[in-house]
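In what follows, chains are A, B, ... by sequence order, proteins preceding strands, each numbered from 1.
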Number of protein chains: 6
Amino acid sequence: MVEFEEWLNPRSLMILPIGAVEEHGPHLPLNTDSVQPEHISELLVEALKGKMDVLIAPPLRYGYCNTTAPFPGTISISVDSLKAIVKDILSEFSRQKIPNVLVLSGHAGSGHLAALRMAAGEVAKDTDMLMMVLSDYEIVYALDNVPDGDGHAGFMETSRVLAIRPDLVKPERPVAHPKMPQFMILSNPEEHFKEGMRGDTTNASAEAGQGYNDQIVEKLVELIEENFL
Amino acid sequence: MVEFEEWLNPRSLMILPIGAVEEHGPHLPLNTDSVQPEHISELLVEALKGKMDVLIAPPLRYGYCNTTAPFPGTISISVDSLKAIVKDILSEFSRQKIPNVLVLSGHAGSGHLAALRMAAGEVAKDTDMLMMVLSDYEIVYALDNVPDGDGHAGFMETSRVLAIRPDLVKPERPVAHPKMPQFMILSNPEEHFKEGMRGDTTNASAEAGQGYNDQIVEKLVELIEENFL
Amino acid sequence: MVEFEEWLNPRSLMILPIGAVEEHGPHLPLNTDSVQPEHISELLVEALKGKMDVLIAPPLRYGYCNTTAPFPGTISISVDSLKAIVKDILSEFSRQKIPNVLVLSGHAGSGHLAALRMAAGEVAKDTDMLMMVLSDYEIVYALDNVPDGDGHAGFMETSRVLAIRPDLVKPERPVAHPKMPQFMILSNPEEHFKEGMRGDTTNASAEAGQGYNDQIVEKLVELIEENFL
Amino acid sequence: MVEFEEWLNPRSLMILPIGAVEEHGPHLPLNTDSVQPEHISELLVEALKGKMDVLIAPPLRYGYCNTTAPFPGTISISVDSLKAIVKDILSEFSRQKIPNVLVLSGHAGSGHLAALRMAAGEVAKDTDMLMMVLSDYEIVYALDNVPDGDGHAGFMETSRVLAIRPDLVKPERPVAHPKMPQFMILSNPEEHFKEGMRGDTTNASAEAGQGYNDQIVEKLVELIEENFL
Amino acid sequence: MVEFEEWLNPRSLMILPIGAVEEHGPHLPLNTDSVQPEHISELLVEALKGKMDVLIAPPLRYGYCNTTAPFPGTISISVDSLKAIVKDILSEFSRQKIPNVLVLSGHAGSGHLAALRMAAGEVAKDTDMLMMVLSDYEIVYALDNVPDGDGHAGFMETSRVLAIRPDLVKPERPVAHPKMPQFMILSNPEEHFKEGMRGDTTNASAEAGQGYNDQIVEKLVELIEENFL
Amino acid sequence: MVEFEEWLNPRSLMILPIGAVEEHGPHLPLNTDSVQPEHISELLVEALKGKMDVLIAPPLRYGYCNTTAPFPGTISISVDSLKAIVKDILSEFSRQKIPNVLVLSGHAGSGHLAALRMAAGEVAKDTDMLMMVLSDYEIVYALDNVPDGDGHAGFMETSRVLAIRPDLVKPERPVAHPKMPQFMILSNPEEHFKEGMRGDTTNASAEAGQGYNDQIVEKLVELIEENFL
């Protein structure tokens, strides 16, 4: 508690990493979406040294998973629960006078991200705490070096986890290009998504993953400097 | 009530048009987001004749508007209310044994669309009614002929309303390229979005709008044939 | 948006018409409860010219229908959803500084009206916007010229729709005097209400309907002058 | 618990008396709306002897009070809380296999009664327990012998409490004929209702009250015989 | 209403007795948990004369009962409903400017007490009304003279009801020492709790009960003097 | 995902560690309540080898903190949010057919534990998954070797953290015996709890802490063998 008070100043930045417990093909672990933002958060502490005083809040490792829910291992919480807990945490950050907050989600489902942004949006009405909310995959998918048709548990994600926690990656290197019926609300998404992944992981590598991670950190530092300083 | 029973058969399609009451620059009306999907719904009735028996449900003309809420005239309902009413309506469609439903939203904000999809997703657990949920702008933005930087109340939207209800369009043809801070949760979005629109409407025309509307109908017919027949 | 600002002044009156999608016997359309208040709203614009600047908000065409829910075609939303959306809309009217509001419902079920009044009652705590909430049938049933035992889809309602949208009325002129068990909470109301209507429509006429509509407008003008001016 | 099991049979009737804590003029006690239905419940036990096995559940002595909330002493719970607790109690009655239930409310506000009926309506979907929900004032106001303009804490109510608990009635006999603005949602109802009562209590008497109570019991016995036996 | 205003002063104390409808072995009545705190409340009026002006609010006779729910006669409301209604009542006490409140529950289940304390805790944020919340059994179990293994419907509770309402106690004097699996969430608690009571009631007596009641009052007077004066 | 399926068998036990972010005196870290149950969980994996196949779910590191909320650093979520997320997680465990679950909380506040137990209780209605819910402090406080007046951040807790993560413990060894007003609902608990701890930590030691941890594991193994095997 003493340290918390000493840490607090106008250049303090609290990062709240948000993950998920979600099937990620036969090769990636269930906590894939937690491993990535927590690693990026640690890199940010380093990258922002001298610019901002960064603290990493205890991660929230549960999220809302839609299309992968029917697979073994996925533990999804509801959009309402996710929104409620994140709203509570952000309200408490504000009550504790934290000036700057980055909510960094490893999972990038649209309902999941909507929950995070609604939570922050409701807190924003009563605070002047600055809040940035994003998934690192919103940065990654905007990059130039994204393979065609790459997605969930695909080349980029496999490479990134190989760069961070190679011990958690199994030897399989699956390839799949599932076709989901566009705009349909599916009660059986897994039937259109049998492999539970999207893309070609044949050449995934820690090197490529390191590259993506570096690009994410670079972009995040840029965004943070633009908006919090 | 007699007609409803006579209409009901495996090829029945109910369209639920969803709009919003939202500022759309100095030139477009507050009901811009209702005018468009209701017009497209009527075109679909024609385009699907002989293939499906289409009925248009009473439109829901209120939606969730985030960045434009501070402007005069925007009447936004909450994500929770929107989700609740759409869930109720879809549950009732299912109770009435309607086999196919298209929820067509003129507004395309991410929280707004998430509400519609969550509502449908929850209903999907208890029904085998087929549901498609989309904004016509999700089709439009995927087209080839989108001007760079076009968006809310811009070239495409102005053209489309000119094609549908020219009497509602004012003579101004605004141009604006606002820069919103990326990923930030803003309590004052209007300060970064002073003109309340995005794009260059100088050359907007009913002709161009008619073209977009035709492309939307064509794509929707294709999606409907793929998924409902 | 420009027009909205120009319209706004202490004599501005916003009317929110509220309808329902509900079985109305073999002869009246499902949107009977929307057709009526929307027509009355338009008549009010005329009748109040020079006295108040009236704007009609996009109608809400879904309501809470209890005893008719089991009939084909009824699409009922819950009391909670109805209350939530109406509360949101009224809160937004207040946020936009609208001074006077009339919520005019075509449907007059007690749960439905309770939802509208609870919504308005909660908004009233935080605003000085003046709000009147009623069903036109609360006026009609207080008139002298109500046939005995007339009710849902009966003589008055048939006559009124004949006066407004004769094209929507079928040739049947049903007669029924159902006996509902008083005060009982019924899980099968339709068994006590087989014809889905109440009254004798044999002599229903556009002329009689026009008379009722005129009486409603007259009474509403009186109420508006008493309470908003 | 033994007695409960012994009591339970197809002719068992559980009465749930519902009251309120509400201002009732200068002469009647705050628990006026509890005193009356609890007394009627006891009379019903007698009146139904040999016909039904009546048990009186612990009364719920809190309700939703709208126009009297600003007066000293009114303790009003919300419509949502009232609905929730009554729904729970009725669900439990159903779980315990009670076949017949009468919910008898002394308070007759429209939001209050809507809450009770919504609660029962939701329970009705999952049970075949028979439920009747009413206020004794719905019976009283339909009688022939109601003085003009009589209402809250007026002639009938004063007389009834004089017949039941004369010790709780103060010597004042107020007269008031307040005019509430019709259909308006009021944030300050007490300004239009200064005396907190309606009617002329000058000639209120225990005798008259006894008469009303007898008429209520007679009508209730009739309703119970029609619907539960 | 007049009396309420006259009663109100800085030494006013409102007691809200809270009970339950719960199985209490073969010998005690379903309203055991209401009888006790209502009796203690009356004793407190006497004991505090000259010190505080005590008023007893209408009791709430429904609570949340967990392990006894499967037994005949238990009517349990949910934690959420209990919390909602108690929060409403306490908020109204605060709105009416009552300075001191004692919530006295006869039922002492942990979920039940948590509901009461959460309700009070939420009200505490917006008021300076002083609130004490407890079950009389929290006092009793801290006494020296508690028989080993005594609990629900056991020696102390039987004795206390014998002292208060001997007419409600049946002649059985059960003995049971059930073993509930510690910390397990049970879907069938009654299988581990067949007798529905805990302890040895053989020597229960009104005298012993009177002693417990006196000790409770003594402790409550002490707590009230410490905290409210 | 493959591993999850391979792990699943009738002897599978999922542990869900639950922590808090809470002030713990000047010497213990904010994540004190997470460190302890996560460590115990790991010890249990070892201790149960050959008996049960234990998997540790991603911990939930946020809880409901009442009396310490006003101190710097406490980030408390609401009881409702906590209950909602834990209910979701347990429902998903059940959907994934996990047979045995231990919810192990480091924080032992009564509202916090009530939330966990209500969540599990609601899930229990729809599953035959076995669930045990407790705080390790419920075990610790029942031990013989508890110093008088020891509590939050006191001798036992300091010793336990010294045994687990000595690097997180500061050199201060505070002593405090705060007197909280019994049963009062406090809006300013910190005024009665100035040191933010309770007990005498002077002689706290890793050795003593190791002893407590061993006793907890021993008791948990016993409980697990009794209830899950």
Side-chain angles (χ1 to χ4, degrees), chain E residues 64 66-67 69 76 78-80 82-84 86 90 100-105 109-136 138-139 142 179-189 192 219-220 222-224 226-228, chain F residues 64 66-67 69 76 78-80 82-84 86 90 100-105 109-136 138-139 142 179-189 192 219-220 222-224 226-228:
Chain E
Y64 169 67
N66 196 13
T67 45
S76 169
S78 72
V79 165
D80 286 341
L82 178 60
K83 179 185 156 193
V86 172
L90 293 175
N100 304 294
V101 172
L102 167 62
V103 178
L104 183 64
S105 173
S110 64
H112 176 89
L113 287 176
L116 304 184
R117 291 194 168 115
M118 282 186 277
E122 293 182 14
V123 173
K125 289 174 193 160
D126 303 316
T127 186
D128 52 3
M129 180 172 81
L130 298 175
M131 291 177 278
M132 184 184 292
V133 179
L134 78 162
S135 167
D136 45 9
E138 292 180 292
I139 292 175
K179 285 200 58 172
M180 303 286 278
Q182 230 185 336
F183 303 123
M184 293 300 287
I185 304 301
L186 300 167
S187 53
N188 58 345
H192 305 274
K219 175 66 177 173
L220 279 171
E222 188 187 312
L223 286 166
I224 287 165
E226 264 175 45
N227 289 293
F228 292 139
Chain F
Y64 169 66
N66 196 13
T67 47
S76 169
S78 70
V79 165
D80 285 342
L82 178 61
K83 180 185 155 192
V86 172
L90 293 175
N100 304 295
V101 172
L102 167 62
V103 178
L104 184 63
S105 174
S110 63
H112 176 89
L113 287 176
L116 304 184
R117 291 193 168 116
M118 281 186 278
E122 293 183 13
V123 173
K125 289 175 194 158
D126 303 316
T127 185
D128 52 3
M129 180 172 81
L130 298 175
M131 292 178 277
M132 185 185 292
V133 179
L134 77 162
S135 168
D136 46 9
E138 291 180 292
I139 293 175
K179 286 199 58 170
M180 302 287 278
Q182 230 184 337
F183 303 124
M184 292 300 288
I185 305 301
L186 300 168
S187 53
N188 57 347
H192 304 273
K219 175 69 177 173
L220 279 171
E222 188 187 312
L223 286 167
I224 287 166
E226 265 174 44
N227 290 294
F228 292 139

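Annotation: maximal heavy-atom pairing with chain F below 4.5 Å, among E:Ala114, E:Ala115, E:Ala120, occurs at E:Ala120.
Side-chain N or O atoms of F:Ser135 include one that pairs as donor or acceptor with a backbone N or O of F:Ser105 at under 3.5 Å. Judged by distance alone, the side chain of F:Arg117 and the main-chain N or O of F:Val133 form a donor-acceptor pair under 3.5 Å.
Using a 4.5 Å cut-off between heavy atoms, F:Met118 contacts chain E through its side chain alone, with no backbone atom that close. For E:Asp128, no part lies near chain F; criterion is any non-hydrogen pair under 4.5 Å. Proximity to chain F (any heavy atom under 4.5 Å) is restricted, for E:Leu223, to the side chain, taken from C-beta onward. Of the two parts of E:Glu226, neither the backbone nor the side chain holds a non-hydrogen atom closer than 4.5 Å to a non-hydrogen atom of chain F. Both the backbone and the side chain of E:Met131 come within contact range of chain F, each with at least one heavy atom under 4.5 Å from a heavy atom of that chain.
Once rounded to the nearest 0.5 Å, the distance linking CG of F:Leu102 with CE of E:Met184 reads 9.5 Å. Separating the CG atom in E:Asp126 from the CG atom in E:Leu90 is a distance of 12.5 Å, to the nearest 0.5 Å.
F:Asn188 and F:His192 make their closest contact through O-CD2, 3.8 Å (heavy atoms, listed as atom of the first residue, atom of the second, distance).
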